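Contents: one structure, followed by commentary.
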Amino acid sequence: MANVTGGTQPKIQSTEARGVSAAGKTTIEDGVVAKIAGIAAREVQGVHALGGGAARVVGAIRDALNTTDLAQGISVEVGETQVAVDVTIVAEYPVSLQKVADEVRAAITRAMVELVGMEVAEVNVTVNDVHIPSDDEGDSTQEARVQ
């Protein structure tokens, strides 16, 4: 143990690993990229769901079985250094559709750069539907029209 006197702290030296890079290639599957894009899109406020009508029906079944598909509504094209993403969303009502689309685009771009490490060629956002909160109210509470 070093003996330190005079009230000063010893300097900690950090050493950088220079030239300690192993050779090899990293491959990121399209499904992984799609899943990361889906997670990023779902985190945007104003996004109710991802995917078109049929995809949401299948997604509801998967949710019931606790096997959520995080890549639902996402299509990706992955190149050597770039990625292109197409996303279909259902927006909450009342939100600015352009604002939500811009925020989804920004969130996906940020995730692709930070997590995947690839340049983003484009992020295309399709707003497929608008979710109205009153749609969630149970239909069983409605009175019968005929007796």
Side-chain angles (χ1 to χ4, degrees), residues 1-2 8-145:
M1 180 166 189
T8 60
Q9 295 292 325
K11 292 182 180 178
I12 299 172
Q13 295 180 353
S14 62
T15 58
E16 295 180 21
R18 294 186 186 126
V20 185
S21 177
K25 180 180 178 181
T26 301
T27 303
I28 302 172
E29 295 289 329
D30 292 7
V32 174
V33 175
K35 189 178 283 191
I36 291 170
I39 292 168
R42 281 180 174 82
E43 292 177 349
V44 173
Q45 190 167 0
V47 173
H48 176 72
L50 297 183
R56 290 197 319 264
V57 169
V58 172
I61 294 168
R62 283 188 173 150
D63 287 344
L65 300 173
N66 286 332
T67 58
T68 303
D69 180 12
L70 297 175
Q72 173 183 311
I74 304 288
S75 173
V76 299
E77 186 176 334
V78 181
E80 290 292 321
T81 60
Q82 291 185 327
V83 61
V85 180
D86 296 323
V87 57
T88 302
I89 68 169
V90 177
E92 292 284 348
Y93 180 84
V95 296
S96 166
L97 299 180
Q98 290 297 330
K99 181 179 177 190
V100 170
D102 288 344
E103 289 176 3
V104 165
R105 199 171 283 111
I108 291 174
T109 300
R110 190 171 37 256
M112 293 300 107
V113 171
E114 292 175 4
L115 300 177
V116 180
M118 298 184 87
E119 180 183 328
V120 178
E122 63 183 7
V123 177
N124 299 311
V125 179
T126 301
V127 180
N128 182 289
D129 198 1
V130 176
H131 176 259
I132 301 170
S134 64
D135 289 346
D136 288 341
E137 294 176 8
D139 292 334
S140 62
T141 61
Q142 293 179 350
E143 293 182 24
R145 292 178 12 168

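Quick caveat: nothing in here was measured; it's all calculated off a predicted structure.
- Considering every non-hydrogen atom in both G52 and N128, the closest pair reads CA-ND2, 3.7 Å.
- Separating the CG atom in L70 from the CZ atom in R42 is a distance of 5.5 Å, to the nearest 0.5 Å.
- To the nearest 0.5 Å, atoms CZ (R105) and CG (N124) are separated by 7.5 Å.
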What verdict does the side chain to side chain contact (heavy atoms under 4.5 Å, CB included) test give for D86 and T126, after you've listed the backbone C-alpha separation in whole Å, the side-chain angles of each residue and the deciding distance to 0.1 Å?
CA-CA 8 Å; D86 296 323; T126 301; over 6 Å; no
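- Note on K99 versus D102: no salt bridge recorded, every NZ/NE/NH1/NH2 to OD/OE distance being 4.0 Å or above.
- With respect to I74, the side-chain contact (heavy atoms from CB on, under 4.5 Å) criterion is satisfied by exactly one of T88, I89, V33, V87: V87.
- Remark: side-chain polar atoms of E122 are not paired, donor with acceptor, to backbone N or O of A84 under 3.5 angstrom.
- Between V76 and A34, the closest heavy-atom pair is CG1-CA, 3.8 Å.
- Distance check: I36 CD1 to I28 CD1 gives 7.0 Å after rounding to the nearest 0.5 Å.
- The minimum heavy-atom distance linking A41 with V104 is given by the pair CB-CG1, 4.1 Å.
- Nearest heavy-atom pair across E80 and M118 is O-CE, 3.6 Å.
- Between the CD atom in E119 and the CD atom in Q82 there is a gap of 4.5 Å [rounded to 0.5 Å].
- Residues A91 and V127 come closest through the heavy atom pair CB-CG1, 4.3 Å.
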